[in-house]
Amino acid sequence: MLTGGGEPERSAGDPSQAESFAEQAKRTAPEDGAGADGAAPEGAGAEAQADEPPAGGETGAADPDDPDAGGADTGSDLPDVTDDAALEAALEALLLVVDTPAGEEALADTLGQPVGRVTEALRRLSARYTETGRGIDLRRVGDGWRFYTRDTYAPYVEKFLLDGQRAKLTRAALETLAVVAYRQPVTRARVAAVRGVNVDGVIRTLLARGLIEETGADPDTGGILYRTTELFLERLGLSSLEQLPPLAPLLPEVDAIDDV
């Protein structure tokens with residue numbers, strides 16, 4: 001868990017900060033719960049009729065020189081990865097967007113390449129990053145591959161992330177933090193139910209900032225429970241949670257969310 005610098009706009013111990021935090025929390029339910037799902041428009045759905053056979057009734061094999069012959073195109077718009085360099089570049093692009101380690105089978109299926117060829121390309125990339133001392137490291141963890149930062153440069157990464165904690169929290173982060181503060185210990189699913197939106201990314205941000213922490217698992221659902229930290233109290237200038245401004249009566253019917 002990363003801990004470190006706070007927001008520059010308020011100093012620790014400012015009494016107005018807790019009041020502002022409470023005002024922010026009051027706006028949580030009515031604003032985030034107002035979203036409505038829109039149904040995707042239905043397409044025309046009309047089937048194209050088959051072409052009439054040419055006069056004379058002949059239906060011989062398609063002309064190999066005719067680029068339009070041979071049926072529907074199944075991937076001509078995809079880049080060619082038959083070259084090893086192109087395959088490695090495609091793997092890098094995929095691995096940059098994964099949240100969890102990606103398996104060789106999934107990568108091979110996406111690229112339409114044999115699993116063995118993809119595995120060899122991944123090993124070449126990993127070895128090359130290590131031999132050249134790159135700042136990123138490609139590792140196989142569990143059942144998949146993922147990029148990581150090189151251990152050598154971990155102090156710089158940590159410094160960059162801690163310095164980033166001085167940035168102001170977004171409104172979504174403040175609202176999520178308010179729900180955790182007044183409903184703790186609480187699971188991520190219950191926080192999402194109160195706010196009416198997905199909170200996975202915001203929870204990760206608050207964990208990285210050191211403002212919330214894990215505190216066991218819910219006995220009914222098995223979900224991870226979250227609570228605020230001492231750093232949270234320090235940032236608000238409070239000595240205990242009892243000093244938070246009264247707010248629970250203004251939240252939506254949180255007791256009705258217990259079964260979520």
- Message: Between Arg139 and Asp151, does the salt bridge (charged side-chain N to carboxylate O under 4.0 Å, His left out) criterion hold? Intermediate values first, please.
- Response: CA-CA 12 Å; Arg139 306 176 196 163; Asp151 293 342; 3.3 Å; yes

- Min side-chain heavy-atom separation Pro101-Phe147 under 4.5 Å: no

- Item | Minimum side-chain heavy-atom gap Thr205-Thr170 below 4.5 Å | no

- Message: If I take atom OG1 from residue Thr110 and atom CG from residue Leu78, how far apart are they, to the nearest 0.5 angstrom?
- Response: 10.5 Å

- Phe232 vs Ile212 side-chain heavy atoms within contact, under 4.5 Å: no

- Rounding to 0.5 Å, atoms CD (Glu104) and CG (Asp109) come to a distance of 13.5 Å

- Query: Will you find, in the side chains of Thr176 and Arg195, an N or O donor that is under 3.5 Å from an N or O acceptor?
  - Reply: yes

- Query: Does Tyr129 have Arg134 sitting over its ring (NZ/CZ under 6.0 Å from centre, angle to axis within 45°)?
  - Reply: no

- Note on the structure: The reported gap from CH2 in Trp145 to CG in Leu138 (rounded to nearest 0.5 angstrom) is 5.5 Å

- Message: Within the structure provided, determine whether Arg146 and Tyr148 are in side-chain contact (heavy-atom separation under 4.5 Å).
- Response: yes

- Approximate separation, where rounding is to 0.5 Å, of Glu88 CD and Leu125 CG: 4.5 Å

- Can a salt bridge be assigned to the pair Glu120 and Arg123 using a cut-off of 4.0 Å between side-chain N and carboxylate O? yes

- Interatomic distance, Glu213 atom CD to Leu206 atom CG [nearest 0.5 angstrom]: 12.5 Å

- Beyond-backbone contact of Leu111 with Leu91, side-chain heavy atoms, under 4.5 angstrom: yes

- Message: I want to check something: taking the side chain as every heavy atom from C-beta on, are Asp200 and Arg204 in contact at a cut-off of under 4.5 Å?
- Response: yes

- Query: Do you reckon Val115 sits in the same ILVMFWY cluster as Val81, going by side-chain contacts under 4.5 Å, direct or chained?
  - Reply: no

- Item | Residues in side-chain contact (heavy atoms from CB on, under 4.5 Å) contact with Ile224, at least two apart in sequence or another chain | Glu214, Tyr226

